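Below is one structure; the comments refer to it alone.
Note that this is a predicted model, so its numbers are computed, not measured.
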Amino acid sequence: MESLKRSLSRLLPPPPVELDVPDQPEFAIYLSLPTGPLDHHTGFVGASEALAHPHYRLIGTIDENGLADLTMTNLTSGQSETLNQYLFPSHGKAPKCGPLKLDLRTWDLDSASLREMLNIDLGARNITEVRKLIKDNSGVALYRDGFRVQPFGEVDFDWLGFDLRRVNNPTMRFSNNQVAGFVYISADGNPGLRDRSHREGLIDSPEYEDLKGVLSQAVSRLETWRYGLRRPKGESPESGPIMVDTPSGAGSDRHGLFQNDLWTIRGRVIDNRWARCP
């Protein structure tokens with residue numbers, strides 16, 4: 001039931017008032033369950049309240065030539081920065097995917113950042129439940145003329161390769177379970193982005209690869225900006241990473257492996273400063 005509600009809620013994304021996107025479908029979704037262990041799921045289905053409270057947001061447009069007009073905002077501090085530059089996925093050529101609109105919302109998953117969210121009525125009682133709520137609503141969904149394209153936006157469908165990118169730079173890069181995004185395209189403006197015959201996903205094509213490339217570059221700009229905000233003032237890039245998000249598992253409430261200069265591996269204390277690179 002929880003999986004069904006999450007999937008249905010993606011049919012009704014939170015409308016980004018900053019973007020001119022197609023109107024939301026004029027319908028509501030109501031679940032009615034019999035009395036029993038699942039009756040607490042009875043009610044209207046809507047977007048999770050967590051989506052309204054990200055730590056960072058990237059929103060704006062990318063035109064057919066790859067020119068981005070995006071705004072990056074830190075919702076905690078109120079800081080923002082505008083990004084106006086060309087995003088070329090490869091070889092310095094304009095992307096073939098066509099214009100698109102983007103609304104990306106991300107969270108820091110360390111305990112200190114999530115503790116503040118406990119003051120918001122999200123239906124979560126502790127940091128573990130807040131983290132799970134974010135994970136359950138993660139994923140970058142794709143909408144064509146207001147209708148969702150499957151399976152983009154499903155929790156386990158990491159089509160932009162967030163987790164793979166994070167392997168090589170865990171300090172800076174987002175993981176898939178800390179990002180919720182909404183990408184808007186149209187049939188007329190993006191004719192090269194065509195559905196597979198079974199209506200699940202897009203046909204592998206240069207246009208689809210350019211779409212992923214442009215979005216990855218936009219996300220990379222946000223990651224770099226966020227990394228600068230999280231680094232203590234006066235600390236140079238050469239001084240090494242300052243915090244590693246550990247979204248789940250043991251140690252998830254600590255700052256991460258690279259927080260200290262000394263590692264302990266199999267009982268031996270090793271100085272890790274040799275590994276720090278500009």
Taking [X] for its side chain and [Y] for its backbone only, find out whether a donor-acceptor pair lies under 3.5 Å.
X    : Y    : result
D158 : D163 : yes
S138 : K135 : yes
E223 : F174 : yes
D136 : R6   : no

Within a reach of under 6.0 Å around [atom1] of [X], are more than 12 heavy atoms found that belong to other residues, nucleotides or ligands?
X    : atom1 : value
K101 : NZ    : yes
N84  : CG    : yes
R196 : CZ    : yes

One thing to verify: whether [Y] and [X] come together as a salt bridge, which I'm taking to mean a side-chain N less than 4.0 angstrom from a carboxylate O.
X    : Y    : result
D103 : R105 : yes
D108 : R226 : yes
R230 : D110 : yes
E154 : R148 : yes

Can you confirm whether [X] sits close enough to [Y] that some side-chain heavy atom of one is under 4.5 Å from a side-chain heavy atom of the other?
X    : Y    : value
H53  : L75  : no
L202 : L142 : yes
R165 : N169 : no
V140 : F162 : yes
V214 : F88  : no
L4   : M1   : yes
P16  : R57  : yes
E207 : N190 : no

Please work out which of the three classes, parallel, tilted or perpendicular, describes the rings of Y143 and Y184, given edges at 30° and 60°. parallel
According to the interplanar angle, ranging from 0 to 90°, do the rings of Y208 and F152 count as parallel (below 30°), tilted (30 to 60°) or perpendicular (above 60°)?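 Correct class here is perpendicular.
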Rounded distance [0.5 Å steps], CE in M117 versus NE2 in H55: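 It is 5.5 Å, given to the nearest 0.5 Å.
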